[in-house]
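Written out below as structure tokens is the structure these notes cover.
These values consider heavy atoms only, across backbone and side chains, with no hydrogens, waters or symmetry-generated copies. Chain identifiers are assigned alphabetically (A, B, ...) following the order of the sequence lines, protein sequences preceding nucleic acid strands; residue numbering begins at 1 within each chain. Given the structure is predicted, the values throughout are model-derived calculations rather than measurements.
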Amino acid sequence: MTPAGKPLYLMRAMLRPMDSELRIFLGRTALEVAPDLLGWTFSTTLDGTTASVRLTEVEAYMGEDDPASHAYRGMTARTEPMFREAGTLYVYLSYGIHSCVNIVTGPVGTAQAVLLRGGIPLEGVDAMVKRRGREANLTRGPGNLAKAMGLSTTHSGTSIDGERIILLPGAPPASVVATPRVGISAATDRLWRFMAAEDITANDISDRKGTA
DNA sequence: AGCTAGATCGGCT
DNA sequence: GCCGATCTAGCTG
């Protein structure tokens, strides 16, 4: 471990985003990658502005073996990006309104992905406010986070490129809480939603459907 | 070709 | 806490 408390391969990934080290990091199962992404920075530079968040809430979806995954019944036109290589974005439309962003992980063809559900704004707050049309809860919830970052379903199939869309290692949270995933009706016994403990408020654990 | 549940959000009671 | 908005992907007929 380095003085910063991170393995060396993560420090290298920080210097060269989406190089082979990051590929190895994302090449693991979604269940491994999801909690490890907490504390990382997710950043987009779109429409001439950069927006960044520190990730505080994610969920793991394990592909064709996971009844709650969109990939459970195989590849479709919508889910095709999930079957691509790690680092690809899978963005889907939820309830006809909201775009939700996933980062594909694991070996090609396994359709594993990590849903980005929440973060803390670090950069580009003005752009986020403009995109969201409000100032509260800018990046809380998958639909809100995607909107604040300027991402929509048109970005499904694009990938983390170290330019427009960037993933940077960050200090992991002191502790991580695992709960059932939100809003699903299958495999509710799997504790595959991960949150930074210090970011949890009362609403997070009592208010959302799908939580225990 | 039609039907409907859904990895949500925000406003209202 | 509850409910309506909004609309498409994927399934049934």
Side-chain angles (χ1 to χ4, degrees), chain A residues 26 29-35 37-38 42 53 55-84 86 88-106 110-121 128-158 176-196 199-212:
Chain A
L26 292 177
T29 68
L31 202 46
E32 293 171 297
V33 173
L37 277 176
L38 297 175
F42 180 60
V53 294
L55 295 174
T56 55
E57 181 184 347
V58 297
E59 286 175 356
Y61 286 86
M62 289 294 283
E64 295 184 276
D65 297 328
D66 180 358
S69 170
H70 289 168
Y72 184 51
R73 291 176 205 287
M75 188 192 298
T76 65
R78 177 179 62 147
T79 62
E80 180 274 327
M82 259 202 291
F83 291 79
R84 298 193 204 170
T88 303
L89 298 188
Y90 165 55
V91 187
Y92 68 92
L93 190 65
S94 183
Y95 290 90
I97 304 170
H98 313 287
S99 294
C100 301
V101 176
N102 295 252
I103 297 173
V104 174
T105 79
T110 60
Q112 300 172 54
V114 176
L115 172 66
L116 306 183
R117 289 193 56 90
I120 297 171
M128 291 181 185
V129 169
K130 196 170 180 180
R131 286 166 175 158
R132 293 270 290 113
R134 67 194 64 245
E135 302 201 351
N137 297 327
L138 285 177
T139 55
R140 178 188 187 86
N144 293 339
L145 176 61
K147 193 168 184 181
M149 299 299 284
L151 295 170
S152 68
T153 53
T154 60
H155 297 96
S156 195
T158 63
V176 174
V177 173
T179 76
R181 293 170 288 181
V182 175
I184 58 166
S185 54
T188 54
D189 57 318
R190 300 180 193 181
L191 307 183
W192 289 356
R193 177 198 191 198
F194 303 97
M195 289 178 282
D199 190 58
I200 295 177
T201 65
N203 278 351
D204 284 315
I205 49 179
S206 63
D207 221 324
R208 304 301 202 75
K209 61 181 174 178
T211 55

query: Between the side chain of Thr158(A) and the main-chain N/O of His155(A), is any donor-acceptor distance below 3.5 Å?
result: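 Answer holds: yes.
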task: Kindly say whether Thr76(A) contributes a backbone atom to a donor-acceptor pair with the side chain of Thr79(A) at under 3.5 angstrom?
output: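 Pair found, side chain donor or acceptor close to backbone of Thr76(A).
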Rounded to whole Å, how long is the line connecting atom [atom1] of [X] with atom [atom2] of [N]?
X: Asn137(A); N: dG10(B); atom1: CG; atom2: C1'; answer: 10 Å
X: Arg140(A); N: dG10(B); atom1: CZ; atom2: P; answer: 11 Å
X: Tyr92(A); N: dG6(B); atom1: OH; atom2: P; answer: 12 Å
X: Tyr61(A); N: dG6(B); atom1: OH; atom2: P; answer: 12 Å

Which atoms of nucleotides 11-13 of chain C (N or O only) lie under 3.5 Å from a protein N or O atom, and what are those distances?
none

task: Work out which heavy atom in Val58(A) is nearest to a heavy atom in Ala34(A); give both atom names and the distance.
output: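 Closest approach of Val58(A) to Ala34(A), heavy atoms only: CG2-O, 3.2 Å.
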- prompt: Looking at Asp189(A) and Arg181(A), does any basic side-chain N land under 4.0 Å from a carboxylate oxygen?
  reply: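 Salt bridge: no.
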query: Just checking Asn144(A): base, sugar-phosphate only, or nothing, at a heavy-atom cut-off of under 4.0 Å?
result: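 Sugar-phosphate contact only.
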message: What contact category does Leu93(A) fall into here, base, sugar-phosphate, or nothing, at under 4.0 angstrom with non-hydrogen atoms?
response: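 Leu93(A): backbone/sugar contact only, no base atoms under 4.0 Å.
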Base-pairing assignment for dG4(C) (Watson-Crick or G-U wobble, both under 3.5 Å):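 Because both required distances fall under 3.5 Å, dG4(C) counts as paired with dC9(B).
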query: OP1 or OP2 of dC9(B) sitting under 4.0 Å from any side-chain N/O of His98(A)?
result: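 False: His98(A) side-chain N/O out of range (4.0 Å or more) of dC9(B) OP1/OP2.
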4.5 Å side-chain heavy-atom contact, Met128(A) and Val53(A):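 When only atoms from C-beta onward are counted, Val53(A) and Met128(A) do touch, with a gap below 4.5 Å.
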message: For Tyr90(A), run the side-chain hydrogen bond (donor to acceptor under 3.5 Å, both in side chains) check against His70(A), Glu80(A), Arg84(A) and tell me which one passes.
response: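 Considering His70(A), Glu80(A), Arg84(A), a side-chain hydrogen bond (donor to acceptor under 3.5 Å, both in side chains) with Tyr90(A) is found only for His70(A).
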message: Counting distance alone, no hydrogens or angles: does the base of dA5(B) have a donor or acceptor under 3.5 Å from a partner atom on the side chain of Tyr95(A)?
response: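 For Tyr95(A), whose side chain was compared with the base of dA5(B), there is no donor-acceptor pair (under 3.5 Å).
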